[in-house]
Amino acid sequence: MHDMKTFYIKTYGCQMNVHESQKIHKLLESEGYIQAESEDKTDIIIFNTCTVRNTAEEKITSHIGNAHKEKRDGRNLILAIVGCLSQRDGVSKSLMKKFPQLDIILGTHNISEIGAAIENASRKQKTIEIVKERKLNPRFDNLTAPDDPTKPNTHYINITYGCDNYCTYCIVPYVRGRVVNREITEIESEFIKLFNSIKDREESQIIYLLGQNVNSYICPKTNKNFIGLLEQLSGYIKNSNSKLNFLSSHPKDFSRELADFIASAPEIERNIHLPIQNGCDKILKLMNRGYTVEDYKSKINYLRKVCPDVKITTDIICGFPGESEDDFADTINMVRDIKFNAAFIFPYSRRSGTAADKMSNQIDHKTKKARTTELIKIQREISNQITLGE
Ligand code: SAH
Ligand code: SF4
Ligand code: F3S
């Protein structure tokens, strides 16, 4: 038996992390632990971390610091750090140096071992372990996640792990590893289980298929592609209150066939997130994105033609190395031209180990911030106009 009974998970980052936190929650509950009401009233705090931008990292480190101080000052607490930040080269060492009383550090590939690590921690044994390859762990991977109380009608299912795209600014391939596609039968059985548990609810439900680049999905056993997977899954939810969506698509793999399929399938939500990242071809090339602004536009023009009620959202990075005022003007024009329903706009953040970090012509912090603020303002006006026009 373990004496430490209650846990609290602090989640940072994307839906992938939200979903993995739900699985940790489910796993720990099945082992007899209870979710605490708050961080202040718990025996165990688990930080499920993100490292996509420096700001995320700084925020998390300061939150860990606060909890660590309480433990150092005598609070009886197990502290665990898991996920993308701890998976980064050298981070577990530097965390231990800064916060010697941490009990557990696991990365993204061995997050499923959190249960055993907590058992060890209750016997005062530390588990500081980062591995290079994802350990497939059916007991964890196939767990059906419980509802997220803040978004009880939104559900997630992983279809792929990792990313092979190596966009030059991005740390994700380094911390999530090479692409691993789940088998369609596994996805299907998790989907059916989930759908059965939500199909009688009154409110409309939405199920997201998750991956870093969902439209490059290929089932390792059957060779079925992403459209095949969507076709199969949407068959189960016909005429129900559930809709399917997916995060994230990569524009280079967003085909006309996929647009046609979405148009033909009312089970798919008319809300497509398609990150363009920048509006200047020179920068897109430096980013290694594999498409031009024209390619992107022709894809979404086609999608809008076959699916007129679709809403398109995107991500944009401002101040990538070498981005001149003229290049930035291209992004402003692109945003004015495309009229996204919403855009998540962030200043470029240097990530050590990535190709863009080694580029010589880095943009200063002030300029990156100013461009971001300007673009957010422009996009906000566009989003408001669209909403007013509806
Ligand atoms: N796989 C997804 C998103 C992964 S990261 C995709 O390709 O769309 C989520 C978003 O964070 C990205 O779309 C990008 O806009 C942003 N991002 C990633 N690395 C960044 C960096 N170094 N600086 C600023 N934003 C970054
Ligand atoms: Fe990062 Fe690019 Fe992979 Fe998305 S597709 S996770 S932006 S490397
Ligand atoms: Fe962050 Fe990892 Fe997601 S770095 S954005 S939590 S994949």
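Whatever order the structure lists ligands and atoms in, that order sets their numbers, starting from 1. Everything numeric in this text was worked out from a predicted model, so none of it was measured.
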* Carboxylate-amine/guanidinium contact K5 D43, below 4.0 Å -> no

* Do E113 and T127 come within less than 4.5 Å of each other through their side chains, counting heavy atoms only? -> no

* Atoms of ligand 3 close to N17 [distance to a heavy atom under 4.0 angstrom, numbered from 1] -> 6 (S)

* Structure fact -> protein heavy-atom neighbour closest to atom 4 (S) of ligand 3 works out as T51 N, 3.3 Å

* Asked: Would R176 count as a contact of ligand 3 if the rule is a heavy atom under 4.0 Å away?
  -> yes

* Asked: So which protein N/O/S atoms does atom 1 (Fe) of ligand 2 have within less than 2.8 Å?
  -> C170 SG

* Please state whether the rings of Y296 and Y291 are parallel, tilted or perpendicular, taking 30° and 60° as the class boundaries. => tilted

* Mind checking whether K199 and Q205 have side chains closer than 4.5 Å, heavy atoms only? -> no

* Asked: Which bit of C50 is near ligand 3, meaning a heavy atom under 4.0 Å away: side chain, backbone, both or neither?
  -> both

* Compare all side-chain heavy atoms of N181 with those of V179 and state whether any distance is below 4.5 angstrom. => yes

* Ring geometry between F7 and H25 (parallel below 30°, tilted from 30 to 60°, perpendicular above 60°) -> perpendicular

* Tell me, yes or no, whether the heavy-atom count around D89 atom CG, taken from other residues, nucleotides or ligands under 6.0 Å, exceeds 12. => no

* Report the part of R289 in contact with ligand 2, treating N, CA, C, O as backbone and CB onward as side chain, heavy atoms under 4.0 Å; options are side chain, backbone, both, neither. => side chain

* **Short N-O contact, E31 and R139, less than 4.0 angstrom** => yes

* To do: Inspect the contact between K224 and E183 and indicate whether a charged nitrogen and a carboxylate oxygen are less than 4.0 angstrom apart.
  => no

* To do: Output yes if C14 passes the N/O/S-under-2.8 Å test against atom 3 (Fe) of ligand 3; output no otherwise.
  => yes

* Between K71, K124, R123, which is the residue that forms a salt bridge (Lys or Arg N to Asp or Glu O under 4.0 Å) with D103? -> K71

* Less than 4.0 Å between a side-chain N and a carboxylate O, is that true for R351 and E57? -> yes

* Asked: Near Q212, which atoms of ligand 3 are under 4.0 Å from a heavy atom of that residue?
  -> 7 (S)

* L210 and F254: same hydrophobic cluster, using ILVMFWY side-chain contacts below 4.5 Å? -> no

* Within a radius of less than 6.0 Å around CZ of R380, do more than 12 heavy atoms belonging to other residues, nucleotides or ligands occur? -> no

Please tabulate protein-ligand N/O pairs under 3.5 Å for ligand 1, atom names and distances to 0.1 Å.
{"residue": "ligand 1", "atom": "1 (N)", "partner": "Q212", "partner atom": "O", "Å": "2.9"}
{"residue": "ligand 1", "atom": "1 (N)", "partner": "Q212", "partner atom": "OE1", "Å": "2.8"}
{"residue": "ligand 1", "atom": "11 (O)", "partner": "R53", "partner atom": "NH1", "Å": "3.4"}
{"residue": "ligand 1", "atom": "13 (O)", "partner": "Q277", "partner atom": "NE2", "Å": "2.8"}
{"residue": "ligand 1", "atom": "13 (O)", "partner": "D315", "partner atom": "OD2", "Å": "2.6"}
{"residue": "ligand 1", "atom": "15 (O)", "partner": "Q277", "partner atom": "OE1", "Å": "2.7"}
{"residue": "ligand 1", "atom": "22 (N)", "partner": "Y169", "partner atom": "O", "Å": "3.0"}
{"residue": "ligand 1", "atom": "22 (N)", "partner": "S349", "partner atom": "O", "Å": "2.8"}
{"residue": "ligand 1", "atom": "23 (N)", "partner": "S349", "partner atom": "N", "Å": "2.9"}
{"residue": "ligand 1", "atom": "25 (N)", "partner": "R53", "partner atom": "NH1", "Å": "3.3"}

* Asked: Who's the nearest protein heavy-atom neighbour of atom 2 (Fe) of ligand 3, and how far?
  -> C84 SG, 2.3 Å

